[in-house]
Amino acid sequence: MCTVRVLILILTLAVLHAQPATLREAADQRPLLIGAAANADEYGMANRLNEPQYASTLAAQFNMLEAENAMKWSSIHPSQSTYNFGPGDKLVAFAEAHGMKVRGHNLLWHSNNPDWVNTYAKTATPAQMSAVLEDHIKTVVVHYKGKVFAWDVVNEAIPDNPSGAGTPLRDSIWYNQPGIGQTGTGYVEQAFRWAHEADPNALLFYNEYSIEGPGAKFDAMLNMLKDFVARGVPIHGVGFQMHIDTNGYPSSAGLAQNIQKVTALGLQVHFTELDVRIRVSNGTASAADLQSQAATYQRVTTVCLQNPGCTAIQTWGFTDKYSWIPGFFSGFGAALPFDASYQAKPAVGAMIDAMQTVAPVLSGSAVVNAASYAAGAVAPGEIVTLFNVNYGPPSILEAVFDGSVLSSNLGSTRVFFDGIPAPFIYALVGQSSVVVPYAVAGKQDTVMQYEYNGVRSNSVTIPVVPSAPGIFSLNQSGTGPGATLNQDYSVNSAANPVAAGGAVQVFATGGGTIVGGATDGAVATGAGAQTLNVTATVGGLPARVLYAGPAPQLVNGVLQVNVEIPQGLSGPQPLAINVDGRPSQPGITVAVR
Ligand code: G3I
């Protein structure tokens, strides 16, 4: 039996490490959204989804798609009283049939508006334009509610040569010709608010070109974003269109800097319209230019993966058979990852290689106490959570035993403290939890590193403290009712309070070392004692500590403190512990009868 198990494990690991054959397989391993703009039968053209190679390549290579044109005003709202959802619905149906996410594009643009609305704008009042725009946004977003997970709400509202921070926006029927009765960025904000009302769960993006590198246009956009975020406008991300060539724009440093400035606002970045145009002769590009194109695809893919918060890379089409480039950039073409016969170009292997080799990013500030979410330092045996690491198991993996201890290699994920792999509580891209090895005790700091699929992150140095107590909360928020048990082992709550004079079992972590030592990842077989002094308060009053040590039958690192409730208290009372002078987080309560 054991041999079979080992064999299965090896095979599983082997599968994890196999070179992915498609962009989608490589992206799913990160995970990363890898998308392509796609077409159905909008504008009356033949339904491209009925073209076998078009459909098979789209489904095999991408985990996301976006309507290139089918959801634009000119296609979806051809007359004031008519909505044409057919082509968009075909794309959504295709995506759902192939487990793909759908981006929507776009709800408001200065271009590609149908004739009727351009004519209407010539005589309409701003109030009338506002009514038309609100009806459109809400009708379209409600139609695709729960099907389109992210919208390009407003496309290209910043002019190409803005005059500065207070830049006027690009002229359009929605802004000032005649506009919808808003000033400044008000019409942009209003569009986001209507979209959010229509689908509160959809991610709402502002989409723009020529903002991928530093410059006045990016600065003008950033000013608008900062104002929106500061005032709580429902915006969740920015689309960097990424219509580029092989001449180096945007530089990797400039692109990274702009991504970071946007994600620093708490917004995501999606590369929404990536294509890398190269010179063609009769539609054919040279081998050298194809290699240069591949290097550019690899370079920008790398920058996205190196910057947590950059969560999607989408190409604008995917086959050179259908691309806007040749018609717009004379002498250029062959801009997409697959050629006109749907064969992978060097760009595909280059993007896969980036997804296989770009190291995950570990940030010291994203290593927090698993109970209190307090960052800054770690203690021996502390259960910590690592957030924002952008490369890891796409679905949560719960702790498993490796012999008598919790495994320190979960789904090809490992977390090292001074080279010692830490036992896992769970592993998941963006949020994993491990137990800090007791070997850090007595050190000033520890060097942390994360590894997934054999690729190691940067190292971060984290201060070590003897204790960093955090009490687990019932709702995992780090505050509110504590995860505490009454003496009869029932969960303490307002409906099930403890009597004053009674006692509760408080569960925490960050209590530091254990008398007699403790094995990393082992289950506490029975009672023990913390090395450091543990005190407690309830309702601000000193409370007698009846026990402070490992929690029997739970992994070493869980601190159990049995606390007697002082007399004279009732109702929800602040609960805190203190280990060697370091307090647990504020905001935890215990219910007293
Ligand atoms: O093929 C039909 C034709 O049968 C029909 O009679 C005619 C009626 O207008 O439309 C034709 O479709 C054209 C369509 O491209 C398919 O080729 C549309 O005219 C034409 O307007 C449309 O252009 C699109 C352009 O946006 C304007 O909407 C391009 O495909 C599309 O790639 C381009 O994409 C934009 C993004 O939305 C925003 N960022 C820039 C990007 C490139 O311009």
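Atoms within a ligand are numbered from 1 in the order they appear, just like the ligands themselves.
- With a 4.0 Å heavy-atom cut-off, ligand 1 is reached by no atom of Glu42.
- Numbered from 1 in the order shown, with element, the atoms of ligand 1 that lie under 4.0 Å from a heavy atom of Glu156 read 38 (C), 39 (N), 40 (C).
- A 4.5 Å side-chain heavy-atom check between Val415 and Gln449 finds every atom pair outside the cut-off.
- Residues Gln182 and Tyr175 fail the side-chain proximity criterion, which asks for heavy atoms closer than 4.5 Å.
- With a 4.0 Å heavy-atom cut-off, ligand 1 is reached by the side chain of Asn69 but not by its N, CA, C or O.
- The residue Asn207 has no part lying near ligand 1, judged by heavy-atom distances below 4.0 Å.
- Note on ring orientation: taking the six-membered ring where Trp is involved, the planes of His196 and His236 are tilted (angle from 30° to 60°).
- Judged purely by distance below 3.5 Å, without hydrogens or angles, the side chains of Asp199 and Trp151 never pair a donor atom with an acceptor atom.
- There is no protein heavy atom less than 4.0 angstrom from atom 17 (O) of ligand 1.
- In this structure the side chain of Val262 never reaches within 4.5 angstrom of the side chain of Tyr206, judged on heavy atoms.
- Within the 4.0 Å cut-off (strictly below), a protein heavy atom is located near atom 28 (O) of ligand 1.
- For atom 1 (O) of ligand 1, the protein comes within 4.0 Å by no heavy atom at all.
- Remark: minimum distance from atom 26 (O) of ligand 1 to any protein heavy atom is reached at Lys72 NZ, 2.8 Å.
- Proximity of Met45 to ligand 1, defined as any heavy-atom pair under 4.0 Å, is not found for any part of the residue.
- Seen from the ring of Phe205, Arg103 counts as a face-on cation partner, given the 6.0 Å and 45° thresholds.
- Near Gln241, the atoms of ligand 1 lying under 4.0 angstrom from a non-hydrogen atom of the residue are 39 (N), 40 (C).
- Residues Met351 and Ile34 form a side-chain contact, since some pair of their non-hydrogen atoms from C-beta on lies under 4.5 Å apart.
- For ligand 1 and Trp324, the ligand atoms under 4.0 Å from any heavy atom of the residue are 32 (O), 42 (C), 43 (O).
- Residue contact check: Asn112 has heavy atoms under 4.0 Å from atoms 21 (O), 27 (C), 28 (O) of ligand 1.
- Looking at Gln298 and Asp353, their side chains do bring a donor and an acceptor atom within 3.5 Å of each other.
- Atom CG of Asp160 has more than 12 heavy atoms from other residues, nucleotides or ligands within 6.0 Å.
- Close contacts between ligand 1 and Asn155 involve ligand atoms 38 (C) [criterion: under 4.0 Å to a heavy atom].
- The protein reaches atom 31 (C) of ligand 1 closely, with a heavy atom under 4.0 angstrom from it.
- The aromatic rings of Phe62 and Phe318 are tilted relative to each other, their planes meeting at an angle between 30° and 60°.
- The presence of a protein heavy atom under 4.0 Å from atom 6 (O) of ligand 1 is ruled out.
- Proximity of Leu169 to Val188: side-chain heavy atoms (C-beta onward) are separated by under 4.5 Å at one or more points.
- When distances from atom 38 (C) of ligand 1 to the protein are checked, a heavy atom turns up under 4.0 Å.
- At least one protein heavy atom sits closer than 4.0 Å to atom 12 (O) of ligand 1.
- Among protein heavy atoms, the minimum distance from atom 41 (C) of ligand 1 is reached at Glu273 OE1, 3.4 Å.
- A 4.5 Å side-chain heavy-atom check between Met355 and Leu23 finds at least one atom pair inside the cut-off.
- For atom 34 (O) of ligand 1, the nearest non-hydrogen atom from the set Tyr322, Tyr209, Trp316 belongs to Trp316.
- Of all the heavy atoms of Tyr43, the ones lying under 4.0 Å from any atom of ligand 1 are found in both the backbone and the side chain.
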